Amino acid sequence: MEAGGQLTQSRRDHAAMIVKTDDPSRAIDLDLTFSCGQVFRWTKIEDGWVGIIGDSLVRLQQREGRLLVQSSAPLPKSRITSYLRLDDDLQSILKELSRDREFRKIVKSIPGLRILRQDPWECLASFVCSRNCRVPMIRRIVRNISQRFGKRVTWGDYLDHSFPEAEIISQASLSELASCGLRYGRRQARELKELARLICEGEIDFGALKDTSYAEAKARLMSFDHGVGNKVADCVLLFSLEKLESFPVDVWVARTVAELYHDHLRPDLVSKAARGRSLTPRDYREISDFGRSHFGRYAGYAQEYIYHWKRLKEGVC
DNA sequence: ATCCAGGATATCT
DNA sequence: AGATATCATGGA
């Protein structure tokens, strides 16, 4: 191919694709969406967010009523809109969730926060690693795993690594995994390896889980005793398996629900959650079930708004 | 130093 | 079935 053709090809790859977000139903705030603790591998560089979708390095820039998208390799626009869940009518969802004064206040303070549609394996691995960690540490662990086991991707000045396939992790050494910062000695490393193996062997089939009900998919994910309990399962179901009714409960959500909706919970649970005490499975179920019954089919969105609003208010992030 | 983090599991009563 | 003990680490 002649030089002119290559230049044209190169320009086409690096030209910014425009995704329109001017309609209120497609509103999105990248800062809120990437820093709300649902995903751990996007970083803000200058005025853009850089991360990986599939095997491509992607840079997203927020502009008035639109997003500018650039990537190291051509990506169909549908891949971007799917990842960002721009197919969710955010305006309608938030309207449906705004059933009380407290929640309307929350929505008003952080409009444009969206749930993403993540890769299930990366999401599962991330939240298995999340146990006993704060968000910045989760980010570091997931980054370490990617750097050590993922594929190197470069694009201009940017360098990053894809998240390693389950097959790679299923063959990784425990000590090498543990040295990425996983907790509890080699225990979490073993859990991650076992989960990777189950995925490779088809025992965990994300496609099938997407087509299953929330309750069945959750029971399946929790049935292996490899580090996936209530909380991790709910996060994976919400952030990567289309279960928007999932209502994950961590210490922040428990505390905030106890504060805002104390009339709906047992008094002893309210005081326990307010003090940040750890929850029993029964406590977890009570708060999570409340979330689903109060907010309905989009309870997961409500959970994420509550979580991020509280953390911003407390100055944690 | 002490406390805590987007908890899960094995082991009791 | 529901409470309790244990796991074990970087950072504030």
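The figures that follow rest on heavy atoms only: side chains count, while hydrogens, waters and symmetry mates do not. In what follows, chains carry the letters A, B, and so on, assigned in the order in which the sequence lines appear, proteins first and then strands, with residues in each chain numbered from 1. The structure presented is a predicted model; accordingly, all values stated were derived computationally and were not measured.
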- Message: Pick the closest DNA chain B nucleotide for A/Arg275 and for A/Gly227 by heavy atoms, then say which residue is nearer the 5' end.
- Response: A/Arg275
- Message: Can you work out whether A/Asp225 or A/Val135 has the more 5'-proximal nearest nucleotide on DNA chain B?
- Response: A/Val135
- Can you list the residues that meet the side-chain contact (heavy atoms from CB on, under 4.5 Å) rule with A/Leu312, with sequence neighbours excluded? A/Leu32, A/Ile110, A/His308, A/Cys317
- Item | Non-neighbouring partners of A/Glu96 that pass side-chain contact (heavy atoms from CB on, under 4.5 Å), sequence neighbours left out | A/Arg99, A/Arg297, A/Tyr298
- So does A/Arg277 have more than 12 non-hydrogen atoms from other groups sitting under 6.0 Å from CZ? no
- So with a 6.0 Å cut-off around CD of A/Glu167, is the heavy-atom count from everything else above 12? no
- Query: Applying a 3.5 Å limit to both distances, which nucleotide forms a Watson-Crick or G-U wobble pair with B/dA1?
  - Reply: none
Using a cut-off of 4.0 Å on non-hydrogen atoms, how would the nucleic acid contact of [X] be classed: base, sugar-phosphate, or nothing?
X        : answer
A/Arg277 : nothing
A/Val253 : base
A/Gly37  : base
A/Tyr284 : nothing
A/Cys36  : base
A/Gln188 : nothing

How many Å lie between [atom1] on [X] and [atom2] on [N], as a whole number?
X        : N      : atom1 : atom2 : value
A/Leu177 : C/dT9  : CG    : C1'   : 17 Å
A/Arg266 : C/dG2  : CZ    : C1'   : 11 Å
A/Asp283 : C/dT4  : CG    : P     : 11 Å
A/Ile138 : B/dA5  : CD1   : P     : 12 Å
A/Lys218 : B/dA8  : NZ    : C1'   : 13 Å
A/His226 : B/dT9  : NE2   : C1'   : 11 Å
A/Leu195 : B/dG7  : CG    : P     : 17 Å
A/Arg190 : B/dA10 : CZ    : P     : 12 Å

- Taking the same atom, P, in B/dT11 and in C/dA8, what whole-Å distance lies between them? 14 Å
- In whole angstrom, give me the gap between the C1' atoms of B/dT9 and C/dG10. 23 Å
- Task: Can you label the angle between the A/Phe247 ring and the A/Phe295 ring as parallel, tilted or perpendicular, going by 30° and 60°?
- Result: parallel
- Task: Take the angle between the ring planes of A/His294 and A/Phe290 and call it parallel below 30°, perpendicular above 60°, tilted in between.
- Result: parallel
- Item | Closest heavy-atom pair and its distance - A/Leu97, A/Ala299 | CD2-N, 4.4 Å
- Item | Closest contact, heavy atoms only, A/Pro248 versus A/Val253 | O-CG1, 3.8 Å
- Would you indicate which nucleotide in C/dA3, B/dA5, B/dG7 comes nearest to any side-chain atom of A/Arg255? B/dA5
Identify the pairs formed between an N or O of the protein and an N or O of nucleotides 10-12 of chain C at a distance under 3.5 Å, and give each distance.
residue	atom	partner	partner atom	Å
C/dG11	OP1	A/Arg140	NH1	3.1
C/dG11	OP1	A/Arg140	NH2	2.5

